[in-house]
Every structure is written in C-alpha cells, then in structure tokens.
Colleague: 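I'd like to ask some things about the structure below.
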Amino acid sequence: MRRFLVSVFLLMAIIGFTTGCNDDDCCSLDPDSPLVGTWILFERGYSPGAGYIVEPVETEPAQIIELQADEDFSSNIQGLEEFRYFRILEDNQGQILALFKHQTRGDLDVDQLEHSYLIELQEDGSVRLYFRYCFEGCHLGLRKID
C-alpha cells in the first residue's frame, strides 16, 4: 500500500509540474491589447480642493510611457523612470496599472501595491491613468503615438 501511495504522489507531482504555468504564461499581454505601445503625456488633471483642473502638457520634449507585451515598462516621465515592469490587474474599480522596479510573478494583492493607477480608456483612444489614492481626483492623460 505504501508503494502505491508513493507512486500516486509522484504521478500527481509530475502532472502538476508539467501542466503548471510557465514563464511565458505568467507575465505577458496580448500583443493586440490596446494598452501595448508607446504613449505620450498630453494632459494632467488635479483638484486643488475645489473643482477639477485639466492642464495641457507640452509635447516637446516628449514625456512618454512604453508598455510592451512582455510587461516591460519604460518612461521618461519624472517619478516613473525607475520602474522597469508592469502588470495589469483587476479590482472592483476596474483595471489597474501596477508598476514595479523588479519583475514580479504570481498573484498580487491590489491593496498592497507600491505604485499603481486606475486605467480608464477614453472614447477618443486616449487613456487616463488615475492616481488610486488621490481623493480629489488626479490623472495623467496619454495618447498612443505608434
């Protein structure tokens, strides 16, 4: 009986290792995702306490964010230069763009993210990244350039 149980355990372990996700399954987006590409910052929105202000951002020099299908991230926007990876996550508010300095694997708790934005796709094809913990509302407005 012991030999049978050991054999069953080994068989289950082999099946588990061969059917589990690999690195290719873990961290990649559909290359046709509307989020994949290079985005230019064209506006900032914020609230000074009353009302909501949306200001245009000069496009020269271009301030960009690049999201690649393999979840590599790059940006020259001040404060985002140090991030190298991203993940798109879901919560009860919608899609979240989570940024990381180091590559991550596995499940993540959306309430424990160090740097993240709520993603809102606009009808004109632009995207707004809302600061998740800005109570008055704050956003970065981006347009795809490729």
Side-chain angles (χ1 to χ4, degrees), residues 6 8-146:
V6 170
V8 169
F9 175 75
L10 287 173
L11 180 61
M12 290 176 67
I14 290 169
I15 291 171
F17 286 123
T18 59
T19 61
C21 77
N22 60 34
D23 286 345
D24 294 334
D25 296 333
C26 174
C27 300
S28 61
L29 286 177
D30 178 353
D32 296 325
S33 168
L35 296 173
V36 171
T38 303
W39 298 81
I40 187 169
L41 181 66
F42 73 93
E43 71 178 20
R44 292 183 193 273
Y46 62 93
S47 176
Y52 193 75
I53 298 169
V54 177
E55 294 180 338
V57 172
E58 294 293 325
T59 56
E60 290 296 327
Q63 297 179 66
I64 64 162
I65 287 176
E66 186 175 5
L67 304 171
Q68 298 177 10
D70 62 359
E71 297 188 348
D72 283 349
F73 175 87
S74 62
S75 179
N76 65 353
I77 297 174
Q78 185 177 3
L80 300 181
E81 307 98 325
E82 62 191 312
F83 296 100
R84 296 289 172 250
Y85 303 96
F86 76 97
R87 299 265 302 270
I88 303 296
L89 306 170
E90 298 276 338
D91 80 348
N92 59 356
Q93 294 179 323
Q95 286 190 320
I96 295 171
L97 173 67
L99 302 179
F100 304 95
K101 296 174 187 172
H102 307 284
Q103 204 163 25
T104 62
R105 299 280 187 229
D107 293 334
L108 298 169
D109 182 351
V110 295
D111 295 323
Q112 301 297 319
L113 299 172
E114 183 178 335
H115 201 92
S116 60
Y117 299 92
L118 184 62
I119 301 168
E120 186 177 284
L121 295 172
Q122 305 295 301
E123 288 183 22
D124 65 0
S126 66
V127 67
R128 283 188 172 182
L129 299 180
Y130 286 94
F131 294 76
R132 291 182 63 214
Y133 300 106
C134 182
F135 296 108
E136 298 85 17
C138 311
H139 80 271
L140 301 174
L142 302 150
R143 277 199 189 99
K144 203 168 202 176
I145 59 173
D146 58 304

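The figures here come from the full heavy-atom set of this structure, side chains too, leaving out hydrogens, waters and symmetry mates.
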Colleague: Does Asn76 reach the main-chain N or O of Ala62 with its side chain, forming a donor-acceptor pair under 3.5 Å?
Modeller: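 Yes, because the side chain of Asn76 sits within donor-acceptor range (under 3.5 Å) of the backbone of Ala62.
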Colleague: Quick check: do Val110 and Ser116 have side-chain heavy atoms less than 4.5 Å from each other?
Modeller: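 No, their side chains stay 4.5 Å or more apart.
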Colleague: Hey, does Val57 have a side-chain heavy atom less than 4.5 Å from the side chain of Phe42?
Modeller: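 Not in contact.
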Colleague: With the side chain counted from C-beta on, respond yes when Arg84 and Phe73 share a heavy-atom pair under 4.5 Å apart, and no when they do not.
Modeller: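 SC-SC contact between Arg84 and Phe73 ruled out.
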Colleague: Any chance you could lay out the side-chain contact (heavy atoms from CB on, under 4.5 Å) test for Phe100 and Leu108, step after step, and finish with the verdict?
Modeller: CA-CA 12 Å; Phe100 304 95; Leu108 298 169; 3.5 Å; yes
Colleague: Between atom CD1 of Ile77 and atom CZ of Arg44, what is the distance when rounded to the nearest 0.5 Å?
Modeller: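 Rounded to the nearest 0.5 Å, the CD1-CZ separation comes out at 7.0 Å.
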Colleague: Sequence neighbours left out, what passes side chain to side chain donor-acceptor pair (under 3.5 Å) with Gln112? Give chain and number order.
Modeller: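 Residues passing side chain to side chain donor-acceptor pair (under 3.5 Å) with Gln112: none at all.
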Colleague: Holding to salt bridge (Lys or Arg N to Asp or Glu O under 4.0 Å), I want the full list of residues that pass it with Asp91, two or more places apart in sequence or in another chain.
Modeller: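 Result, salt bridge (Lys or Arg N to Asp or Glu O under 4.0 Å) vs Asp91: Arg132.
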Colleague: Return the set of residues passing side chain to side chain donor-acceptor pair (under 3.5 Å) with Ser126 (not counting sequence neighbours), or none when no residue passes.
Modeller: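 Partners of Ser126 under the side chain to side chain donor-acceptor pair (under 3.5 Å) test: Asp124.
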Colleague: Indicate yes or no: at least one non-hydrogen side-chain atom of Thr38 is less than 4.5 angstrom from one of Ile65.
Modeller: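 They are not in contact (no side-chain heavy atoms under 4.5 Å apart), so the answer is no.
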Colleague: Take Glu43 and His139, measure what side-chain contact (heavy atoms from CB on, under 4.5 Å) needs, and give me the verdict at the end.
Modeller: CA-CA 8 Å; Glu43 71 178 20; His139 80 271; 2.9 Å; yes
Colleague: So, using side chain to side chain donor-acceptor pair (under 3.5 Å) as the criterion, who are the partners of Glu55 when residues are at least two apart?
Modeller: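 For Glu55, the residues satisfying side chain to side chain donor-acceptor pair (under 3.5 Å) (neighbours in sequence not counted) are Tyr46.
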Colleague: For Tyr130, what residues pass the side chain to side chain donor-acceptor pair (under 3.5 Å) criterion, not counting sequence neighbours?
Modeller: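 Side chain to side chain donor-acceptor pair (under 3.5 Å) list for Tyr130, sorted by chain: Arg128.
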Colleague: Please list, chain by chain and in numerical order, all residues satisfying ring-ring contact (aromatic ring centres under 6.0 Å, His included) with Tyr117, sequence neighbours excluded.
Modeller: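 Expected list: His115, Phe131.
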Colleague: Under a 4.5 Å cut-off applied to non-hydrogen side-chain atoms, are Tyr85 and Thr104 in contact?
Modeller: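 No; the side chains remain at least 4.5 Å from each other.
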Colleague: Examine distances only and state if a side-chain atom of Lys144 and a backbone atom of Val36 form a donor-acceptor pair shorter than 3.5 Å.
Modeller: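 Checked: pair present.
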Colleague: Can you tell me how far apart CG (Leu89) and CD1 (Ile119) are? Round to the nearest 0.5 Å.
Modeller: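 If we round to the nearest 0.5 Å, Leu89:CG and Ile119:CD1 are 8.5 Å apart.
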Colleague: So, does Ser75 use its side chain to make a donor-acceptor pair with the main chain of Ile64 at under 3.5 Å?
Modeller: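 Yes, because the side chain of Ser75 sits within donor-acceptor range (under 3.5 Å) of the backbone of Ile64.
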Colleague: Is the closest side-chain heavy-atom distance between Leu35 and Leu121 below 4.5 Å?
Modeller: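 Side chain of Leu35 against side chain of Leu121, heavy atoms only: contact under 4.5 Å found.
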